[in-house]
Participant: 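Handing you this structure, nothing more for now.
Quick caveat: nothing in here was measured; it's all calculated off a predicted structure. Indexing begins at 1, ligand by ligand and atom by atom, following the structure's order.
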Amino acid sequence: MGLLSLGTPMDWHESKKWNEHVRENGIEQLLNIFRQHAKRDGDKFLWGDEVEYMLVDVNRKEAQARLSIDHDHILEDLNDEEGHPEQFARAEAANVSFHPEYGRFMLEATPLRPYDGTNLCDYLYVEENMVDRRVVAKESLPANIVPLTLTAFPRMGCATFTSPPAKAIGPASQSLFLPDEIINRHVRFPTLTANIRKRRGAKVSINLPMFPDVNTKLIDDSIPLNRDLFSSDSEPWLGASKPGHVYMDSMGFGMGSSCLQVTMQGSDINESRYLYDTLAPLTPVLLAASAASPIFKGYLVNQDVRWNVISGAVDDRTFIERNVEPYRGYDVFGGLDVSKSDKEHVEKLGGGVGVNGDRVVNSSGDTLLQTLDGKPIQKVPKSRYDSIDSYLGDLQHDTKYFDPQYNDIYSPINSKVLSQLSQEKGLIDEQLSKHFAHLFIRDPLVLFSERIDQDNKLENDHFENIQSTNWQTLRFKPPALYPATRDLSTTPGWRVEFRPLEIQLTDFENAAYSVFISLLSKAIIKFKPNLYVPISKIDENMKTAHNVDAVTKDKFWFRSQDSWGLNHDEFIGYDLSWFDRFINRGNDELGVDEVYLNGYKDKETIEEETANCDDGDNDSDITATSSNGTSANNASLPFSKLSANEIINGSACHPGLIRLIVKLIATELLPETAQHHCDTSKLAQQMTKLQNYLKLVSYRASGKIPTIAHWMRTVVTQSPEYARDSKVTERLNYDLIEKTIHVSDYDFTAAGGLLTEYFGADIASYLKETGYGQ
Ligand code: GLU
Ligand code: MG
């Protein structure tokens, strides 16, 4: 997560003096990036994934599973060519690369080299690479320390949840629940933790609704009543904790969670912008379809995903920026430096409220409060970790679907940055400038004193400092800077990172979701659907995606299927059964020659299947008015509420996402020799694997198989150990972890048909027959 520089990190009170310096130079670096790369084109569709692991110490004698915080040295060993040549070579030979993450108990691993998205074989190699990552990590660890891909550790923040035990008395986080020993030893991380708290002017506070069960006491009784170690200890009693909610007070609760991220490279900046925009409405849908975190701090909670936990965990906004009253005795400006007179003005008079809800100094409402270094203090509606605020626009791409009214939420921008970006005419257009000017409303969180002065023509750390601490559902990633002599075609280009997915328990699932996103991205680029809906609707969907079983029980605002700009007839037959017809000779005999490329359906079948489809008017279309009523007024925008099933699996009259992917495979990724028949058993195996990847996502969306969150909640609530009080005890935690280990090992001998319950009979038998777990 973010940039790791070596050196001496500065405390907030020191580093804030450099805020403007970082922004100004960061934008200069960005301008240089555009000067160097804006016109590059023809980049290959390369992609990669990132998997985050937790090291869990499983003590079978004591029936305990705890987060291991003393095996983080393996990360250094695996990267230490001189000190640990064998381990290093092992990782390199396996084409895997290990990176640090926020938690001392965490590992992140990626492929060393990106995958080639034009090559079918690479989509099948992903899982092998993921398996290798786990194997290499395990080889470096004792048998009791297991790297697990859990989104949230169920008992993080409970009495004793680490191995070895550690006390929650650390000065970096001042948490009542999390020891500082869970934080990565690299100085960046404790500094980041402390600086967020110092800028905000209070500890972060996250409140998750408890899952109400018959014996649930709707009160978080894990909050210590009388601790008197830091002045912040009283915050829960000053309004930080809410009744009926599980209260969490530290960065680690969020950044100690794991996810799956997928990054794709577009052929040029315009294609990447279109891809970014088109993936945006999918972020909440895929978040819900990957839901894997129903338990936090030892409580079953009334939601299924981690997103709002991390959002709250790194929320460095001051009270005034959040537009809320400060706790009694706290400074509304948090750790910002403001003039005495501004401070007095606000304290005595409260200040006026200007347009957009900004607090202003004078009654006419046009003078914004400022920090001493001249940065306006704005109302900031979202945390740095949140959903995206605006589309980038595709008007330079051949699609040209974007309409400025889709950017319908209030998203504050740094106007100084905006004018700095527009100094060179034609270099960066308005939408993109606004995107970066929004990211640059944030302050840098950690600075290293050795890295203050940089060569803006060759270095981009200042830009990355702000960019990589804006953790949004998508990240638009510009290339880096290179010496003028460098052949740019071999360097990474304009990329889009898809960030909402929760990590899945098995490599099969993580490969499936990664392949789903990368193939979908390639299909989006090829078939050019128009999926724009107003950003305010995506934000509503983000809230919805948190709900228990949202993927099957809720609906999401989405562009009406008739308005995707696709001709449904062209996708007929490219459903999951296409694979069966392609793989099995005999299934494909329809007596018509060209059937294979046409989804294996003949004209009559097409007519029959679509007989009841209407001609494009969708009764459920809604006339769009944005939530704040400002833009999009009276515009009739074609969006409606769809289920994840409709979006992902489509229907008789609409393609859905899966058919785009299947058609892409059938018409672009198959080797030329196999355009009409699957002629080798190897290809048949590969196709069956891809089919099962797509089945996994398809079945989660249709509810045929449970999400991990649903499965975990059921495991806990059906255990005889569970007291129906929403609490996940040490024993319940251990039992759940043991089950997740059986799942991640594909242990078909596990009691109670565990694997079938988890994957459904169909996928489970595929896995068993193809030798998983042996
Ligand atoms: N672990 C974070 C999450 O679950 C992501 C950190 C990162 O950006 O790598 O979303
Ligand atoms: Mg990460």
Participant: If you compare all heavy atoms of A709 against all heavy atoms of P294, which two are closest, and at what distance to 0.1 Å?
Facilitator: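 For A709 and P294, the tightest heavy-atom pair comes out as O-CG, 3.5 Å.
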Participant: Do the rings of F189 and H186 sit parallel, tilted or perpendicular, given the 30° and 60° boundaries?
Facilitator: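 Aromatic pair F189/H186 classed perpendicular.
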Participant: At less than 4.0 angstrom from any non-hydrogen atom of I310, what atoms of ligand 1 do you find?
Facilitator: 2 (C), 3 (C), 4 (O), 10 (O)
Participant: So which of E497, M106, H99, R499 gets nearest to atom 8 (O) of ligand 1, if we judge by its closest heavy atom?
Facilitator: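 The residue whose heavy atom sits nearest atom 8 (O) of ligand 1 is R499.
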Participant: Determine whether the side chain, the backbone, both or neither of W307 has a heavy atom under 4.0 Å from any heavy atom of ligand 1.
Facilitator: neither
Participant: Can you tell me if S293 and R306 form a side-chain donor-acceptor pair at under 3.5 Å?
Facilitator: no
Participant: Take the angle between the ring planes of F436 and F476 and call it parallel below 30°, perpendicular above 60°, tilted in between.
Facilitator: tilted
Participant: Run the numbers for me: atoms of ligand 1, each under 4.0 Å from some heavy atom of C259, listed by number.
Facilitator: 2 (C), 3 (C), 4 (O), 5 (C), 10 (O)
Participant: Only heavy atoms of S258, strictly under 4.0 Å: list the atoms of ligand 1 that pass.
Facilitator: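 Taking each heavy atom of S258 in turn, ligand 1 has 4 (O) under 4.0 Å.
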Participant: Against heavy atoms of E101, which atoms of ligand 1 measure under 4.0 Å?
Facilitator: 6 (C), 7 (C), 9 (O)
Participant: Determine whether any heavy atom of Y385 lies closer than 4.0 Å to an atom of ligand 1.
Facilitator: yes
Participant: Answer yes if the side chains of R133 and N129 hold a donor-acceptor pair under 3.5 Å, and no otherwise.
Facilitator: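 Yes, because at least one side-chain N or O of R133 sits under 3.5 Å from a partner of the opposite role on N129.
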Participant: Angle class for the Y123/W47 ring planes (parallel below 30°, perpendicular above 60°, tilted otherwise)?
Facilitator: parallel
Participant: Heavy-atom distances under 4.0 Å are what count here, so tell me which part of T151 touches ligand 1: side chain, backbone, both or neither.
Facilitator: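 No part of T151 is near ligand 1 at this cut-off.
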Participant: Heavy atoms only: which of E108, R306, Q261 lies closest to atom 5 (C) of ligand 1?
Facilitator: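 It is Q261 whose heavy atom sits nearest to atom 5 (C) of ligand 1.
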Participant: What angle sits at the Mg ion (ligand 2) between OE2 of E52 and OE2 of E101, to 10°?
Facilitator: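 With the Mg ion (ligand 2) as the vertex, the angle is close to 90°.
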Participant: Parallel, tilted or perpendicular: which one describes the rings of F508 and F759, with boundaries at 30° and 60°?
Facilitator: perpendicular
Participant: Can a donor-acceptor pair be found between the side chains of T263 and R475 at a distance below 3.5 Å?
Facilitator: no
Participant: Nearest non-hydrogen atom to atom 2 (C) of ligand 1 belongs to which of E50, E52, R475, E502?
Facilitator: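 Ranked by closest heavy atom to atom 2 (C) of ligand 1, first place is E52.
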Participant: Suppose we only allow N, O or S atoms; which atom of E108 ends up nearest to the Mg ion (ligand 2)?
Facilitator: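 It is OE1 of E108.
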